[in-house]
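As the structure lists them, so they are numbered: ligands from 1, and atoms in each ligand from 1.
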Amino acid sequence: MTGVTELGYVRFGVSDLSEWRAFAADLIGLEVGGEEADRLYLRSDQWHHRIILEQDGSDDLIGAGLRVAGPTEFADMQTMLRDAGIAFELADEATARERRVLALMTLADPAGTPIEIFHGPQVDSHRPFHPGRGMYGRFCTGGGGVGHMLIQCRDVQKTLDFYRVLGMRGSVEYRIPRPDGEAMEIGFVHCNDRDHTFAFGLPCRKQVDHLMLEVDNLDDVFFTYERISESQYPVVISPGKHANDHMFSFYCLSPSGFQIEIGYGGRPATHQSEYYTGDTYGHKFQPPGN
Ligand SMILES: [Fe+2]
């Protein structure tokens with residue numbers, strides 16, 4: 001079946017590239033893999049990049065790159081989108097070259113989240129990943145993509161329907177009780193073994209609430225946590241474990257105001273729906289400034 005296979009890369013518009021360079025490399029451990037006048041390419045494995053930072057002042061997500069397997073699936077995806085009445089634009093050759101992919105189309109989800117569907121990323125196997133600071137292990141990417149994101153959403157059901165057209169699976173996985181007796185529903189979708197690629201339904205001030213990067217060694221979670229705790233970037237959600245993906249993680253504020261989650265131990269997608277009313281433990285919200 002034709003469908004997206006991973007969150008291959010993300011693009012963020014940022015205000016301050018030099019601040020981001022120090023945050024990403026010195027604190028998080030990402031590699032600055034390339035630099036141009038108005039952008040930085042960040043690596044977490046042997047791809048040319050997994051994150052593009054573009055100086056445009058938006059401090060928000062400007063592109064979520066979803067991969068399809070190859071040219072056949074890229075053509076099939078266009079047919080599926082047309083059949084579903086979802087508008088998209090084929091990118092020109094220059095834009096595809098700039099993203100280091102063979103072909104690219106752009107579209108938006110129901111909340112306006114900018115999506116880029118591509119095939120054929122540039123993989124620089126001649127340049128082994130070199131973390132920006134010492135790491136005990138590595139970032140987990142492989143078939144699971146760069147990580148996951150919590151994104152803007154106005155209607156959980158419409159958002160689930162949209163991502164199902166792209167070939168993803170998923171449903172509501174949290175029903176969090178509210179003081180008024182109702183429940184806040186959070187939807188999750190996956191397209192590979194990573195438990196989820198997108199989550200949506202929680203209040204989100206920007207197009208993106210957080211990007212999760214997974215590491216394969218618990219020591220890197222706490223090593224990063226210690227470095228962040230000693231930095232100017234607040235820990236926004238304390239260490240804890242999620243009920244759905246079993247990820248042990250914490251969240252910190254990035255220089256752009258959205259968050260970065262550093263996680264360890266996520267379980268593969270279950271392929272059967274179930275829901276939770278809260279997390280396993282920890283993950284206390286600590287509003288910045290308090
Ligand atoms: Fe997350």
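- Applying the 6.0 Å contact sphere to CD of Glu89 captures no more than 12 heavy atoms from other residues, nucleotides or ligands.
- Looking only at distances, no side-chain donor or acceptor of Asp209 sits under 3.5 Å from a matching main-chain atom of Cys204.
- Inclusion of His148 in the first shell of the Fe ion (ligand 1) is supported: an N, O or S atom falls under 2.8 Å.
- For Glu261, the N, O or S atom closest to the Fe ion (ligand 1) goes by the atom name OE1.
- Follow the hydrophobic side-chain contacts under 4.5 Å out from Tyr251 and you never reach Phe223; the two are in separate clusters.
- At least one side-chain heavy atom of Arg99 sits less than 4.5 Å from a side-chain heavy atom of Glu116.
- One of the N, O or S atoms belonging to His210 lies under 2.8 Å away from the Fe ion (ligand 1).
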